[in-house]
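Everything below concerns the one structure shown next.
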Amino acid sequence: MLTYEQETEMRCRRAREEALEQGIEQGIEQGIEQGMDRLGALVGRLIDAGRLDDAKRASEDADYREALLAEFGLQN
């Protein structure tokens, strides 16, 4: 049988763990959204500049995509 303090401690621990999990999930979702926004902005700028081949390559090559993000000032 648990004491009141032990039960309260367990409830607090569970609440902290749930809050941490929720925060991690929200952070991941926010990171994905920001990444999609950056990629969308990059593709839009490449299309506006008539650089369709670069847009295609950026969709396939992460290192090249990062270089283009830096070129257009879209890095983190």
Side-chain angles (χ1 to χ4, degrees):
M1 184 161 186
L2 297 175
T3 66
Y4 175 78
E5 290 81 13
Q6 290 170 324
E7 187 176 330
T8 301
E9 171 80 21
M10 284 177 49
R11 286 183 183 170
C12 288
R13 186 178 307 125
R14 265 189 254 141
R16 282 191 300 271
E17 289 170 357
E18 289 174 9
L20 179 61
E21 287 176 18
Q22 185 179 28
I24 289 170
E25 288 175 13
Q26 288 174 348
I28 290 170
E29 289 174 8
Q30 186 178 31
I32 290 170
E33 185 177 324
Q34 289 172 351
M36 295 294 288
D37 289 346
R38 287 175 58 213
L39 180 58
L42 175 61
V43 170
R45 290 187 186 185
L46 289 169
I47 290 171
D48 288 346
R51 295 172 61 179
L52 299 180
D53 290 338
D54 286 332
K56 172 114 174 80
R57 184 172 170 196
S59 73
E60 300 166 346
D61 183 336
D63 291 333
Y64 191 65
R65 180 171 50 247
E66 287 301 318
L68 289 171
L69 287 166
E71 177 183 334
F72 285 92
L74 298 170
Q75 69 275 29
N76 285 335

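Everything numeric here is computed off the predicted structure, so don't read it as measured data.
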Using distance only, find each side-chain donor-acceptor pair of residues 41-54 under 3.5 Å and give its atom names and separation, not counting sequence neighbours.
unit_1	atom_1	unit_2	atom_2	d
Arg45	NH1	Phe72	O	2.8
Arg51	NE	Asp54	OD2	2.6
Arg51	NH1	Glu71	OE2	2.7
Arg51	NH2	Asp54	OD2	3.0
Asp54	OD1	Tyr64	OH	2.4

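Scored by the side-chain contact (heavy atoms from CB on, under 4.5 Å) test, Arg11 finds Glu7 as partners (sequence neighbours excluded).
Under the 4.5 Å side-chain heavy-atom criterion for ILVMFWY residues, no single connected hydrophobic cluster contains both Leu74 and Leu39.
Of all non-hydrogen atoms in Gln75 and Arg38, the two that sit nearest each other are CA-NH2, 3.6 Å.
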I would like to know whether Arg13 and Glu17 meet salt bridge (Lys or Arg N to Asp or Glu O under 4.0 Å); could you show each step before the answer? CA-CA 6 Å; Arg13 186 178 307 125; Glu17 289 170 357; 5.3 Å; no

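Look at Lys56 and Glu60 and you find a salt bridge, because one of the NZ, NE, NH1 or NH2 atoms lies within 4.0 Å of a carboxylate O, short of that distance.
Within the 4.5 Å cutoff, the side chain of Ile28 has no heavy atoms near those of the Glu25 side chain.
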